[in-house]
Amino acid sequence: MTWLAELRTAALVGTGRHDAPKPPDELGFRAPEGLPREESLLDQAAMADVATRTSRTAAAAPSSGLVSPAPADTEPQASGEAARLLELLLTQPPVGLELRTQLVVDWLRFAEETRRRVPHRLLPALLLVAETKSAVFRRLEPAIGTRGRWLKELKSPSSQEAAAEWSELGSADAAVELDRLRGLDPAAAREQLLAHWMSLSARERAGNLALFAGNVHDDDEALLEQALDDKAKSVRDVALRLLDQLPGSARAARMAARLVPLLHVKGLLNKRLDIDLPPDPDGAALRDGVPADPRRGEPDRLARLDAIISGAPLDVWTSVSGRNRAATAALVQGEPRILDVLIATAAARKDTEWARALLTVRTDRRLLVCLPAEEREHWLERHVRESGDDPLTLAPLLQDLPQPWSVSLAEAVLTVISGKDGGQLAASLAAVLPTALPPEANQRCRQLLERTDDDVARRRVLRDAVQYQSFRQSLTEAFR
Amino acid sequence: MGRWSEDTVMKAAPDSSSLAAARKLAHPGPWSESGSNDVLVWGKCQGSGKTPYQVSVDIVAPAYRCSCPSRKFPCKHALALLLLWSRGEAAEAGADAADFAKEWAGQRADRASAKERRQAEQPADPEAQAKRLAARLALMDAGIDDFSRWLTDLVRTGLATARKQPYSWWDGVAARLVDSQLPGLADQVRDMASQIHGRTDWADHLLLHAGRWWALAKAWKARDTLSPEEFADVKAALGWATASADVQNTESLAGPWLVLGAHRSDDGRLQQQRTWLRAPDGTMVVVLDFAAQGQGLAAPQLAGAQLEATVARYPGSAPQRAMFTSAIVPQGVVKSLGNGNSIMQALEQESAAVARSPWRTRHPVLLGGVTVNPEERGWLHDPKGHALPLVDAPLDSLLALTGGHAVDIFGELDDGRFRPLTVVVDGMVVTP
């Protein structure tokens, strides 16, 4: 045992039970005679302290962790006012956190346009924001430059190698990986899932298949038909939901064959559409998702009708009625439940033509999303100006619009907001309004702010809008 | 005193909410009658009340005065005014000071001179002074005796027992040391409580520190045999403050002084700022600033700045504590801090400093051509393959600034670990 180890033992146990060690001769230390144990130990501790600190040598370098240096940056760094504004946004944001996120995104976009990069010293703070704000994360390139990419890679090495062995990933990671692949190459994702299908649990089969919902395609039909025969109900349900989105599929044709006999056009002049309830489902219909008889009580025949309508092509309706889509939609206007299923079906299939037709009989957020952005905006603007709806019903529709809004839509919305009951709409649009308003609306916001107004929420939203615009103006000038 | 940068103003804020509130006020709208001269910045801010708040700031020895009821120093009005002034948007220089600012500055000057007078009058009574000194020495002697007994008890019952003690036990010992006018020792003992509960090598840490305290107590008892420098180091370690008036009267060293780097710490009760300076002949000194919680520290000097100023050194061994004895005139910034040392050289310097004064724990070094390794809490490597573990290091920032390339880094060696304070990259001296 070395002297230091003996000293430690004696100190830990206490000199009441353990003698202090004898100082090593090579230190040339001669303790006075007759020293109490405690003092001898403390003397030696003092010596050990100085000896340790004066004899320190460099540590052996850890073998791992060394990084290869970053290559040189090609773009010049943003300097002066632009750098200062980014630093301000990252360290002491003068606006709320949501607006801060948007302004950071704006900064990155300006930097990209003027071919500037983020100053190296601001990269850590920016990457920190990007960790929680996906909008910032998506905009990092190319403004962070070579150094930024190097730093990002260092902090979270890309998982390309892990992706090769998909079956070895945990189910959550596997789902993330499959979702990523589905976005890049839908066919490859389908092949991957198919290859591992048999080894997955029912939960994993259902969960992974559900990832296709965003971009399901005719090519997926074979896999979905196979999933219709799956022993797990959860998997079958997912497959049915996805097949509902494919009006060209064999199942859609089968559903059309079930739907057509139920629809009858009556009346010579005043045409109307009579809809029968479907009969009890046979085996094929059960497989296609028409609900079976419940164990107790009456079968829900309306639910059966819903399932058939959701699965059949929408054009069944026009071919039966012999009219165009809008006129056909008018025929079912009096049947709210049928109309609702039709709306859900058109929305799920993102069917623009049917969305337009159905919008003539009912305003529904799900339908609006199917329209091209510009058309949606026109539609909403007209609706804001003309309908006497409760302003609050507009909020969710406006939130989904691409930003910034057109000048005329902004005008229309600000008119509603400045009205008597506009405060509520302002409050529910608080998150989007500042960034959605175009610069041209800034003057109007300032005017509205200047008038006396006791509505705190409204004032705050308008102030945020003005602040955002003025900061954005500073950004424009800084990058000029 | 030059115009503060916005960064300086930000660092003067007591908390981030004050700063956020100040930003909302930092536009010319609510401000009137603002102005500035070499010493003062002042202005009136229209609040919700009828009378505007009167704000005055002393920018040389930072002090703030506002007629608002806020208990924060500086308040949001003072910060907003400084922000405007730093951006050049208000408080133009050269104006005649507003009456309220003049009056406040006058009161401050009166108070300062009254204090000076009191201090100047004191030596007039050497007998009373000697009596006070004797009383203090007796108090400290008794405190050291008590502490020595506590140390022997500690090692008799064993360090393992001490580890089971609650924080309050250590605080009790620290409180007795404070009562005996030994605040420096008290800080170390109080800190030990958390170290013991937090470190894996707590046993060695406590053993070596107990040894250091023991040696300190013995050095105090043998103070008559120490050289003036050695005695000054012991006094500083025990926490016996040297009056700044005593320092001011010593020889002044002329500059230019190069700011090597600065560190700020905050233990919850006291904020401390250490600024390391180097003279052209290589002499290094450290300027310490303190402020209580919620109060602004003196504005930090920019790393890499050349300062035209004279400093006086506190007694003790090198590198000494120092204070500015003249106005500070920034002379621009340098592109490099000079030639750095290898890691072995740095450790040898630390060894020499410990041998001179075993109570000192931090040693300033400039390392040349080192690379940052982000493994664990971070390491520095030098070209010879030696490595030093980092402490308190903002790793992401160091990596972003250096890009993994070899650079010069200035910092403090602390217990065999390196605390980076300043990095030299691309011909710029920056703070990570």
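First the proteins, then the strands, lettered A, B, ... as listed; each starts at 1.
The pair A:E87-A:R121 meets the salt-bridge criterion, since a charged nitrogen lies less than 4.0 angstrom from a carboxylate oxygen. A salt bridge is defined here as a Lys NZ or Arg NE, NH1 or NH2 lying under 4.0 Å from an Asp or Glu carboxylate O, and A:D25 with A:K22 meets this definition. In this structure, B:D153 pairs ionically with B:R156, as a charged nitrogen and a carboxylate oxygen lie closer than 4.0 Å. Electrostatic pairing of B:D382 and B:K384 does not count as a salt bridge here, judged by no charged N lying under 4.0 Å from a carboxylate O.
Side chains of A:T435 and A:Q102: a donor-acceptor N/O pair is absent below 3.5 angstrom, by distance only.
Of the residues considered (B:D426, B:D415, B:L395, B:T431), B:D415 shows the highest number of contacts with chain A, using heavy-atom pairs under 4.5 Å. Counting heavy-atom pairs closer than 4.5 Å to chain A, the top-ranked of the candidates B:H386, B:R212, B:H405 is B:R212. Of the listed residues (B:V423, B:T161, B:D396, B:L388), the one with the most heavy-atom contacts under 4.5 Å to chain A is B:D396. When A:L122, A:L127, A:L42 are compared by the number of non-hydrogen pairs under 4.5 Å with chain B, A:L42 comes out ahead. Annotation: maximal heavy-atom pairing with chain A below 4.5 Å, among B:L398, B:L151, B:V354, B:T371, occurs at B:V354. In terms of heavy-atom pairs under 4.5 angstrom with chain A, the leader among B:D204, B:V430, B:L154 is B:D204. The most heavy-atom pairs under 4.5 Å with chain A, out of B:L216, B:L19, B:I343, come from B:L19. Note on A:L4, A:T91, A:V13: by heavy-atom pairs under 4.5 Å with chain B, the leading option is A:V13.
Both the backbone and the side chain of A:L12 come within contact range of chain B, judged by heavy atoms closer than 4.5 Å. Only the backbone of B:T157 comes within contact range of chain A, with at least one heavy atom under 4.5 Å from a heavy atom of that chain.
Taking the centre of each ring, A:W107 and A:F479 come in below the 6.0 Å mark.
Between B:A13 and B:L79, the shortest heavy-atom contact is CB-CD1, 3.8 Å.
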